[in-house]
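Shown next, in structure tokens, is the structure this report addresses.
As the structure is a computational prediction, the values presented were derived from the model and not from experiment. So you know, we letter chains A, B, ... as the sequences are listed, proteins then strands, and number each from 1.
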Protein chains: 2
Amino acid sequence: MFRLSRGAEYAIRGLLYLAMQPEGKISFIEEISIAQEVPKAYLAKIFQTLGKKGFVKSYRGPDGGFVLTKPASEISLLDAIEALEGPIHFNDCLIHEGYCHRDEMCPIHDVWMTAQKQFLSVLTGTNFTILAEAARVKAAKKTDRLKEAKCKQN
Amino acid sequence: MFRLSRGAEYAIRGLLYLAMQPEGKISFIEEISIAQEVPKAYLAKIFQTLGKKGFVKSYRGPDGGFVLTKPASEISLLDAIEALEGPIHFNDCLIHEGYCHRDEMCPIHDVWMTAQKQFLSVLTGTNFTILAEAARVKAAKKTDRLKEAKCKQN
DNA sequence: ATTAATCGGACTAACATGGTCTCAATTATC
DNA sequence: GATAATTGAGACCATGTTAGTCCGATTAAT
Ligand code: SF4
Ligand code: SF4
């Protein structure tokens, strides 16, 4: 179906939130879920798998929560997605050479290969510092637009 | 899940088969299903939707079967896939501008946009004459390899 | 009439998705 | 030490999608 799962989408939003916090600040699930508009219970489950995969560290008890375990620059968008969805293969024949016995005579195989390669390179080329920075820029632009609109009203 | 559905895979194989036949030759389901290793009954259903979408024309009765309605060069890989799976959107926010109200402040949105654009351009850039030609080249190479191997044995 | 093919749709089993809910464990604070 | 806030683990569930099968109706060539 070529569509990002909801779970992965939420994982990305969650990690992005952490990446935008001051270094080392502990954020708890409710805070993230409200800011990023993700169902709290679901987000909690997602962060558990994110924890198991080693992207976040958790603290229990009051004032507990989550922080990133690595610098945001070392977590790519692909990492986040694959943590939730598992490895990406556009078609079965891309799981490994010879998985589909038709691949050596199949002209479609190669198309999938290049398509997937390009796709993955976009996702690996984007990490969470880039995203956090882009978010700040976009937010600034948005407030600019709002100010401008207000100006015109007067 | 970012994976091609079985149905679309079969549709592509079926269309490729038709594209490789001499112009205007009628092929029937069983023939295609054997050549392309697709479950016959399933392929039959797939060809019905392919018919409704206007890619193939059908003839009933004995000696009936299917032919392409347009030149193979005018059917892109994307056409084939979307005929079976419906339109492709990597993420909900790509359905249309504003579908996700976060898109104007979301840094991830733009990444999906470029990723999807690239992906679609690969699929639209590949049509069934290209594929048919590539198939012939690959087949030739394969028989070459076999001959070579036989040579070495002696 | 027989036969070979598509047409149309009902039906199914298995799996994936997108959650919720509950209870247990941990820990800061009073 | 009691309380409260937080994560941890996992059972549970409703719904939708996938990948088919199967059957009876229709069409047309012989
Ligand atoms: S695209 Fe070709 S190689 Fe890949 S699964 Fe389909 S038939 Fe096999
Ligand atoms: S990527 Fe951003 S804009 Fe797209 S659906 Fe997720 S939050 Fe919305």
Quiz item: Does B:Tyr10 have its ring centroid less than 6.0 Å away from the ring centroid of B:Tyr42?
Solution: yes

Quiz item: Touch check for A:Lys52, heavy atoms < 4.0 angstrom, all strands: base, sugar-phosphate only, or nothing?
Solution: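 The answer is sugar-phosphate, as A:Lys52 gets under 4.0 Å only of primed atoms, P, OP1 or OP2.
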
Quiz item: How would you label the contact of A:Gly65 with the nucleic acid (heavy atoms, under 4.0 Å): base, sugar-phosphate, or nothing?
Solution: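 Sugar-phosphate contact only.
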
If you only use heavy atoms from C-beta on, which nucleotide in [options] is closest to the side chain of [X]?
| X | options | value |
| --- | --- | --- |
| B:Pro62 | D:dT18, D:dT30, C:dT3 | C:dT3 |
| A:Ile29 | C:dA5, D:dA19, D:dT7 | D:dT7 |
| A:Arg60 | D:dG8, D:dA4, C:dT6 | D:dG8 |
| B:Tyr10 | C:dG19, C:dG8, D:dG20 | D:dG20 |

[X] [atom1] to [N] [atom2]: how many Å, rounded?
| X | N | atom1 | atom2 | answer |
| --- | --- | --- | --- | --- |
| A:Glu31 | D:dA5 | CD | C1' | 14 Å |
| B:Glu9 | D:dT18 | CD | P | 15 Å |
| A:Ile26 | C:dT27 | CD1 | C1' | 12 Å |
| A:Glu30 | D:dA5 | CD | P | 11 Å |
| A:Ile46 | D:dG8 | CD1 | C1' | 15 Å |
| A:Leu4 | C:dG18 | CG | C1' | 13 Å |
| B:Leu84 | D:dG20 | CG | C1' | 13 Å |
| B:Phe47 | C:dT6 | CZ | P | 10 Å |

Any side-chain N or O of [X] less than 4.0 Å from the OP1 or OP2 oxygen of [N]?
| X | N | value |
| --- | --- | --- |
| B:Ser58 | C:dA5 | no |
| A:Arg3 | C:dG18 | yes |
| A:Tyr59 | C:dA28 | no |

Without swapping roles, check the side chain of [X] against the backbone of [Y] for a donor-acceptor pair under 3.5 Å.
| X | Y | answer |
| --- | --- | --- |
| B:Glu85 | B:Ala8 | no |
| A:Asn91 | A:Leu94 | no |
| B:Asp103 | B:Gly98 | yes |

Quiz prompt | Those residues of residues 36-44 of chain B lying under 4.0 Å from DNA chain D by at least one heavy atom | solution =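 Residues of residues 36-44 of chain B under 4.0 Å from DNA chain D: B:Pro39, B:Ala41, B:Tyr42.
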
Quiz item: Taking 4.0 angstrom as the limit, do A:Asp79 and A:Lys53 come out as a salt bridge?
Solution: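 A salt bridge is absent here (no side-chain N lies under 4.0 Å from a carboxylate O).
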
Quiz item: Can a donor-acceptor pair under 3.5 Å be found between the side-chain atoms of B:Lys45 and the base atoms of D:dG20?
Solution: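 Yes.
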
Quiz item: Among side-chain atoms of B:Glu104 and B:His109, is any donor-acceptor pair under 3.5 angstrom?
Solution: no

Practice problem: Take atom NZ of A:Lys70 as the centre, draw a 6.0 Å sphere, and report whether it contains more than 12 heavy atoms from other residues, nucleotides or ligands. | Solution: yes

Quiz prompt | Given DNA chain D, 5'-ward residue of the pair B:Gly61 and A:Gly64, judged by closest heavy atom | solution = A:Gly64

Exercise. Find the bend of the helix from C:dA1-D:dT30 to C:dC30-D:dG1 as the angle between its two terminal axes (five pairs each), to the nearest 10°.
Key: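 Comparing the first five pairs with the last five, the axes sit 0° apart.
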
Exercise. Over 60° means perpendicular and under 30° means parallel, so classify the ring planes of B:Phe2 and B:Phe90, tilted if in between.
Key: perpendicular

Practice problem: Hey, which sits more toward the 5' end of DNA chain C by its nearest nucleotide, B:Met1 or B:Gln48? | Solution: B:Gln48

